[in-house]
Structures are given as structure tokens and as C-alpha cells.
Trainee: 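Sharing a structure below in C-alpha cells format, with a few things to ask.
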Amino acid sequence: MIDVVLSVGDPPADHGHIMGVVEFGSRAPAPHLDAGYPTVAVATCDPPGIHVREIWTSTSEVSAGRRDDIVYSSDGTHLFGALRLPRSDRYRDATRSAYRQLLTLISDLDYPHLVRMWNYIADINRPNHRGLEIYRDFCQGRAEGFDDAGTAISARLPAATGVGAHDGGVVVYFLAERTGAALHFENPRQVPAHQYPRTYGPRSPSFARATLLPASKRLFLSGTASIIGHRSVSLGHLEGQCYTTLENIRILLKEVSEKSGGTVDLDSFRLVKGYVRHGPDASYLHQRLREVVGPRVPIEIFTVDICRSELLLEIEGVLDMRFPDHHGDA
Ligand code: 3EB
């Protein structure tokens, strides 16, 4: 089984075997293995230093390795990995090749099933050298990387986040799995992102709305925003975008509950990460999330650009699934 927690300050000692640590701070040096597991830095904060860590653990023994620019760790069932593309204004080819490498690696090491991916992209809304938005250029390379890997993987797109960052080019980290038990979900109120019309860019974003890891009883919720169908709604309205986003999450969790035979609701969050385009909106989002997820759930809000320039916020998280007894609950 794997787990993930958010920790402000030093990591507590009793976390089991560490698979990887994500440092949310002011800088984004390349992912490394200095601590014996992948450490990934993401530049989502302005004040110098590391603001919060996301710690990935396993109940099984973990070993770590590197191939090319990818650092990874594995526990026999799961593989955690990370890479960084240097800052550039043309990411298509580098992204295609990085995704191809990543997909080849997980297939070679026999963890071929993607569970969850994060993409932190500096200058995500800026036009590149050809006038194409950096995010759209990235999406093109990512889709081509999945194409290169063949339909076996592209038919099973995982939950993902694609959001801005203050530095670091493109930082990608991901979780993959060996057994094929992961289940991917779409939101009945949203067009699957990989079917978005061409108006949003030459290639659609490659992700599912959520992925369930039944053995660990964890649901990974993708970055969720104020999108109904394929259109952004509540343009310019923070409260409206927040409402629609939470409604999207509610509807998605209902779908997951119906299709998985388990239960998951807005009070099932284990951790929440929110992203706001404008710093002053952070406290509003934090307050709304606190009302929704209850008093004890860790909430972190980062001020970064969101992948569509009209979106003001995005919410992602990890949730606890409850299953009836015969699935192993006490
Ligand atoms: C959306 O729903 C908002 O490019 O990997 C959310 C989650 C979004 C992931 C990605 C993009 C991505 O389309 C944007």
C-alpha cells in the first residue's frame, strides 16, 4: 500500500518507507536521489525556502534508481518518478521525448499502468516563439509522447494536473503501478479532456478526471476547474468559479461512488491542493475549502497561473475511499 501526506516543517519519522518527496518552494532544481529516494522541487511559492513537502510512502521496501533524466523509486507494486525539462519556449519535442522515455521506463520495469501525473509548467500561459501558448505546445508534445507509446497506454490516461510554476521549465512527477488495478474516471458534466475540441489547441490535454487505486483505497482527483462541457464558466468571478469547481468535484465523486462500489464524498479528502491565479484570492479559496473538507484535512494553496488564462482557480487532492466489508474494510 502507498500513502501520501502533506508536511509543513521537517518530515515526521514514522512514515514508513519513503518513495519520494515533493518540495513546494521558491526554487526548482532538477529532481535528484541524494536522500536515497527521488526529491522533486516545484516552484509554486514566492518566499524563499521550502514551504511544504508532499511525502510519498509505501508499506513495502523501496529501492531507487535513475535512467537518463528520470529519477524513480519502486516498492514491487508502485513506481514513483520525476523529471525536469529545462526552461525553454519550445517544449513540444522535449515533452514528447520525455513522455516517451517515461512510458518506456515504466513498461521496461513492469510498472506499466499510470496512476497520477503532475506537470508544473513555467510561463504556462505565455505565447512561445511561434505564438502558440506554452501550455498548448506542451499538450502537443505530451499527446505525441502517448501516441508513440501506442494505444495500450493512451487508452488508459491517468488523473493529472497541468498548472503553472514560477520557475523550473517543466517539472513532471508521477505514480505508476504494476497490476493494472487502477481505475480511471470521467466527469459526467465535463467533456473528457482528451476529447476537447481543437479550439483549445492542436492536441487535447491527456488526462482522466480521477484515478482510483483500490488496494490503497486512495482516489486521486485531477486538477479540477470551472469547466462545464468543455467551456470555462463564471468568467471573471472567483466565487462562481469556486462554486462550479466544487460542484464538479461533487458530481465526479458521485460518479466514482456509483461505478466503484465504494463511497467517497467531499468529506473524504486526505489532502487538498488549491491553485489560484491571483495571490489575494488564496484566502477565499482556503476558507471555502475548509468549510467543505472539515477541520483536520491539510489544505495548501499556491499562487500560480492556471492552464486556461480565464481560469482563476483549480483544486486537486487525494481522498480516502471506503469499501464495504468484503473488500477488506475492518
Ligand atoms: C481542465 O479541466 C483544466 O493538462 O494535465 C486540469 C487537469 C487541467 C490537468 C493537464 C489540465 C490538466 O481542462 C485544466
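Whatever order the structure lists them in is the order used to number ligands and atoms, beginning at 1.
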Trainee: Looking just at side-chain N and O atoms, do Arg136 and Asn125 make a donor-acceptor pair shorter than 3.5 Å?
Mentor: no

Trainee: For a quick test of your reading: what N or O donor-acceptor pairs under 3.5 Å do the side chains of residues 61-69 make, sequence neighbours left out?
Mentor:
unit_1 : atom_1 : unit_2 : atom_2 : d
Arg67  : NH1    : Asp108 : OD2    : 2.9
Arg67  : NH2    : Asp108 : OD2    : 3.3

Trainee: Tyr196: which residues meet the ring-ring contact (aromatic ring centres under 6.0 Å, His included) condition with it, sequence neighbours left out?
Mentor: Tyr200

Trainee: Does any donor atom in the side chain of Tyr275 or Glu300 lie under 3.5 Å from an acceptor atom in the other side chain?
Mentor: no

Trainee: If you count only heavy atoms, which residues are under 4.0 Å from ligand 1?
Mentor: Tyr135, Arg142, Ala160, Thr161, Gly162, Tyr196, Pro205, Phe207, Arg209, Gly223, Ile227, Cys307, Glu314

Trainee: Any donor and acceptor pair, going by atom type alone, linking the side chain of Ser73 with main-chain N or O of Tyr37 inside 3.5 Å?
Mentor: no

Trainee: Check residues 18-29 and write down every donor-acceptor pair under 3.5 Å in which the side-chain atom is one partner and the other belongs to a residue at least two apart or another chain.
Mentor:
unit_1 : atom_1 : unit_2 : atom_2 : d
Ser26  : OG     : Gly49  : N      : 3.1

